[in-house]
S.K.: 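One structure, as structure tokens, below. Some questions next.
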Amino acid sequence: MKIKKLHDWQVSPQEAINIQNKLKNKVILASPYQSLEEIKTVAGCDVNYEKKSAIVQAAVVLIRLKDWTIIEKVIIKKPLKQSFPYIPGLLSFREAPLLLLAFQKIKGIPDVILFDGHGIAHPRQLGLATHIGILINKSTIGCAKSLLWGEYNEPENLKGAYSFLTDKNLKVIGAVLRTRKDVKPVFVSSGYKINLDLAVEVVEACCKKYRIPEPLRLAHYYSKTKLH
DNA sequence: GCGACAG
DNA sequence: ATCTTGTCGC
């Protein structure tokens, strides 16, 4: 996939915030897809940090939505050394550099990409999914396991139940979706070039048995597998 | 000043 | 996120 290089990743936290504030004008939510039926392939990605080996490993897994078969996977790693620290709100500066290399390497073109983190449900509307969506010009969805920004009421304890995540002005910025009964809900938000309704449909279509959508479960697994 | 805080 | 043991439930 083609990657735009719009800025450097080796920046100070304040510079990172400035970059996010500039990029928020580039956020587009209009989707090239009208319905779930038009979405044939979905990719999931994740990054693993292993303290002992001091290695960072990223995985991108491309699956066919229809039957969840794996079409392709890319696994790459780098030393932990030069990684940006984890700072809430600046996750993309930690994870995007390696993920972009993985997206550069993958041959297939996913219709939609799922991220382990938020999209526009972010203090500057520039969560990991949104930031990478802008850089690779693909539809992206944020699917985080915990809250970063916004307020919500707990959804009903039923698979498929959801409530809205809103900002301080009560504007809807995401959905809090129960992907199965008796589990904590996940936080779904538009990343780039997809609307919230369709984003929720995609996540639901990727969940049957487990809390975490299948492309992310697979990416999580492969980001932790030892390579020899 | 205090609390909240994706991975 | 990492590290880590037992425990509960299908």
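This one's a predicted model, so the numbers in the text were calculated from it and none came from an experiment. Letters A, B, ... are given to chains in the order of the sequence lines, protein chains preceding strands, and every chain is numbered from 1.
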S.K.: Check the distance between C/dT2's C1' and A/L80's CG and give it to me in whole angstrom.
M.R.: 11 Å
S.K.: Might you point out which heavy atoms bring A/I194 and A/S139 nearest each other, and give the distance in Å?
M.R.: CB-CB, 4.5 Å
S.K.: May I have all residue pairs that pass salt bridge (charged side-chain N to carboxylate O under 4.0 Å, His left out) and include part of residues 144-162 of chain A, sequence neighbours excluded?
M.R.: A/D116-A/K145, A/E154-A/R178
S.K.: Report yes or no: does A/N169 contribute a side-chain atom to a donor-acceptor pair with the main-chain N or O of A/K171 at less than 3.5 Å?
M.R.: no
S.K.: Between residues 150-166 of chain A and DNA chain B, which residues have a heavy-atom gap below 4.0 Å?
M.R.: none
S.K.: If you look at every heavy atom in A/L98 and A/I76, which pair is closest and at what distance?
M.R.: O-CD1, 3.3 Å
S.K.: For A/K22 and A/N25, does a side-chain donor sit closer than 3.5 Å to a side-chain acceptor?
M.R.: no
S.K.: Donor-acceptor check, side chain of A/K40 to backbone of A/E37, threshold 3.5 angstrom: yes or no?
M.R.: yes
S.K.: Give every residue pair that meets the ring-ring contact (aromatic ring centres under 6.0 Å, His included) criterion with at least one member in residues 161-186 of chain A, sequence neighbours excluded.
M.R.: A/Y162-A/F164
S.K.: List in numerical order all residues of residues 178-213 of chain A for which some heavy atom is under 4.0 Å away from an atom belonging to DNA chain B.
M.R.: none
S.K.: Whole angstrom is fine here: how far is it from CD in A/Q57 over to C1' in C/dT2?
M.R.: 15 Å
S.K.: Side chain of A/S189, backbone of A/G119: donor and acceptor closer than 3.5 Å?
M.R.: yes
S.K.: Mind listing the side-chain donor-acceptor pairs of residues 9-17 of chain A below 3.5 Å, one per line with the distance, residues two or more places apart or on another chain?
M.R.:
unit_1	atom_1	unit_2	atom_2	d
A/S12	OG	A/E15	N	3.1
A/S12	OG	A/E15	OE1	3.3
A/Q14	NE2	A/N18	OD1	3.1
A/E15	OE1	A/S12	N	2.8

S.K.: Only pairs at least two apart or in different chains count here, so list each salt bridge (charged side-chain N to carboxylate O under 4.0 Å, His left out) that has a residue in residues 212-228 of chain A.
M.R.: A/E50-A/K226, A/E214-A/R217
S.K.: Any sub-3.5 Å donor-acceptor pair from A/Q20's side-chain atoms to A/G89's backbone N or O?
M.R.: yes
S.K.: Can you check whether A/F103 reaches A/V60 side chain to side chain, under 4.5 Å on heavy atoms?
M.R.: yes
S.K.: For the pair A/T166 (side chain) and A/V172 (backbone), establish whether a donor and an acceptor sit closer than 3.5 Å, ignoring hydrogens and angles.
M.R.: no
S.K.: Rounding to an integer number of Å, can you tell me how far A/N48 CG sits from C/dA1 C1'?
M.R.: 8 Å
S.K.: Quick check: does any side chain N or O of A/D46 sit under 3.5 Å from a backbone N or O of A/A219, one acting as donor and the other as acceptor?
M.R.: no
S.K.: Using the side chain to side chain donor-acceptor pair (under 3.5 Å) rule, collect all pairs that involve residues 74-103 of chain A, keeping only residues at least two apart or in two chains.
M.R.: A/S92-A/H131
S.K.: I need a per-nucleotide contact map over nucleotides 3-10 of chain C, read 5' to 3'. Cutoff is protein heavy atoms under 4.0 Å; write B for the base, S for backbone only, - otherwise.
M.R.: --------
S.K.: Does the side chain of A/K2 pick up a donor-acceptor pair with the side chain of A/N137 at under 3.5 Å?
M.R.: no
S.K.: Check whether A/L114 and A/Y221 end up in the same hydrophobic cluster, where Ile, Leu, Val, Met, Phe, Trp and Tyr are linked by side-chain heavy atoms less than 4.5 Å apart.
M.R.: yes
S.K.: Sub-3.5 Å donor-acceptor pair from the side chain of A/E38 to the main-chain atoms of A/Y33, do we have one?
M.R.: no
S.K.: What residue among A/V61, A/I71, A/L62 forms side-chain contact (heavy atoms from CB on, under 4.5 Å) with A/I106?
M.R.: A/L62
S.K.: Near DNA chain B, which residues from residues 120-149 of chain A have a heavy atom under 4.0 Å away?
M.R.: A/H122, A/G127, A/L128, A/A144, A/K145, A/S146, A/L147, A/L148
S.K.: What are the residues of residues 87-95 of chain A, sorted by number, that bring a heavy atom to within less than 4.0 Å of DNA chain B?
M.R.: A/P88, A/G89, A/L90, A/L91
S.K.: DNA chain C: stems of at least 3 consecutive Watson-Crick or G-U pairs, cut-off 3.5 Å?
M.R.: none
S.K.: Closer than 3.5 angstrom, by distance alone: can the side chain of A/H118 be matched with the main-chain N or O of A/G174 as a donor-acceptor pair?
M.R.: no
S.K.: Which dot-bracket string describes DNA chain B (Watson-Crick N1-N3 plus N6-O4 or O6-N4, or G-U N1-O2 and O6-N3, all under 3.5 Å; [ ] crossing; | other strand)?
M.R.: .......
